[in-house]
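Working notes, structure below.
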There are 2 protein chains.
Amino acid sequence: MDNPFVRKMERHVRLGPEDRATLDGLARQHVRHVAARQDIEGQHSNPYHAHLILDGWACRYKQLPDGRRAIVALLLPGDLCDPFAFRRVRIDHAIGALTPVTVARITPDQIGDAIRDRPMVEECLWRELLATTAIHREWIASVGRRSAIERLAHLFCELHLRLSRVGLADGATVPMPVTQPDLADALGQTSVHINRTLKELRTSGLVTLRGRLLTIRDLDGLMERGLFDPTYLQLA
Amino acid sequence: MDNPFVRKMERHVRLGPEDRATLDGLARQHVRHVAARQDIEGQHSNPYHAHLILDGWACRYKQLPDGRRAIVALLLPGDLCDPFAFRRVRIDHAIGALTPVTVARITPDQIGDAIRDRPMVEECLWRELLATTAIHREWIASVGRRSAIERLAHLFCELHLRLSRVGLADGATVPMPVTQPDLADALGQTSVHINRTLKELRTSGLVTLRGRLLTIRDLDGLMERGLFDPTYLQLA
DNA sequence: CGGGATGTTGATGTGAATCAACGCGGGTGG
DNA sequence: CCACCCGCGTTGATTCACATCAACATCCCG
């Protein structure tokens, strides 16, 4: 009865009890565990199932021929790995677990049935995809035009907000179970420079990051530092 | 009877004559002209209409508080400016004309009716949105992990392919009606550096750019230089 | 036939990458 | 249970890709 996807969707659309039950049913069958650093979907695969993240963090990433890795999205509990799976398209990137991950595997048929029974489910899929594109656009702007410290501050604000929506933020403290090399590949930098930037955020009293927990000491200051405007995440 | 959106969609889905007529009808009413450098939608606006680009180039962009501009997408003929308009969401970015642009204005009702009459229309909207996200991801990888020359080469390959799909490429020659400052804001660089990079692509015999026309002298070489893998655009 | 936007080139500056070294911690195998 | 070791975090020295600053050429439009 407690599904991070439902928790997130309830912020945007009005779900009746049957809608909630249907969405919840989708996430109950075929629960699977994936170890950290394992792929959930390989690059250029043609996924048959959709996956909903129930616990843990994953990422979409592209591996360039010479080994460089670009993380193009972070997937948190409540996020759909493959909102396109039921369209049977070949994906252009891999999906990898950054931590141990629990996912629910959903077949195209299940989604089709759910949509037929409860049209609101399709509305949820649209919302989810629109939110994804909004986040993508913000990342493009970040990597293209924000400085190192602005990028990191912006990402922390984004993650704080996204985790709050699914009930995973404990006030100003949020889990941050990724390594500095992971952050580097997500922000288009090196882990060395992430480390220095992190230090700068710490010494300015904005955040502390210890033991895979991020504590935001000054949210307003952090938002200002990252030029963070939360409207893009509130597709309501 | 000649609509760039239809031309693009026919590469992905099988359209019957009625589908084609319906899609074409959407693009026939309320054709509007927008001058270069005018906004089609303002940042943070809450668009009521969807706009389909019939002619000219536009872009999605975000203006940072201090004036920096990030172009997060290029919109070519056949692209939908607001695949989300009929979901009534507030947008998080502006849409601006880069050249004089002709757009078709479409109301949510028209889209709703079209979907009800011809379910294939909704399929087309899904495809369009999925293609958009794939391009977004490629841009994130570009700006994050590709060098200046790789980025520019990659963008030229992308535009060549996208323009070909709507019949706007004349062999290896494609229109490129944007300024170097525009390219700079799209690739996260400065116009000065775009200029030098362009020179490098020219002296390596890969492309020439003159009079708003890009000629690709060596497509294979350009694709290699840009680490370009076209699968992401072929969501078929 | 101007004049402002755009393109081009050179000189110089700098933010972030690279290279390198070392501490630390947690997992693993002997 | 301990020793090892590999990945991660941290810091300093150096390099480099790209930004910035500046000057001038060129194009296009009115």
Approximate separation, where rounding is to 0.5 Å, of A:His44 NE2 and A:Asp92 CG
7.0 Å
Indicate, with a heavy-atom threshold strictly under 4.0 Å, whether B:Arg212 touches base, sugar-phosphate, or nothing.
sugar-phosphate
Given A:Asp185, which of A:Arg68, A:Arg69, A:Gln180 fulfils the side-chain hydrogen bond (donor to acceptor under 3.5 Å, both in side chains) condition?
A:Arg69
Rounded to whole Å, how long is the line connecting atom CG of A:Leu201 with atom C1' of D:dT10?
16 Å
Decide, yes or no, whether a salt bridge links A:Glu150 with A:Arg145 under the criterion of side-chain N to carboxylate O below 4.0 Å.
no
Answer yes or no: is there a side-chain heavy-atom contact under 4.5 Å between A:Leu76 and A:Val166?
no
Enter the inter-axis angle for the ends of the helix from C:dC1-D:dG30 to C:dG30-D:dC1 (five pairs per end, rounded to 10°).
50°
Which of parallel (below 30°), tilted (30 to 60°) and perpendicular (above 60°) describes B:His49 and B:His51?
tilted
Can you tell me how far C1' of D:dT10 sits from CG of A:Leu183, to the nearest Å?
15 Å
Nucleotide D:dC8, atom P - distance to CE of A:Met176 in whole Å:
17 Å
How many Å lie between CG on A:Leu187 and P on C:dA16, as a whole number?
12 Å
According to side chain to side chain donor-acceptor pair (under 3.5 Å), who are the partners of A:Asp218, at least two apart in sequence or on a separate chain?
none
Do the ring planes of A:His136 and B:His136 sit parallel (below 30°), tilted (30 to 60°) or perpendicular (above 60°)?
perpendicular
For every nucleotide of nucleotides 11-25 of chain D, 5' to 3': is a protein heavy atom under 4.0 Å from its base (B), only from its sugar-phosphate (S), or from neither (-)?
BBB----BSBB----
Would you say B:Arg210 places a side-chain N or O within less than 4.0 Å of OP1 or OP2 belonging to C:dT6?
no
Cut-off 3.5 Å, side chains only: do A:Asp39 and A:Tyr61 have a donor facing an acceptor?
yes
Any side-chain N or O of A:Gln180 below 4.0 angstrom from OP1/OP2 of D:dG7?
no
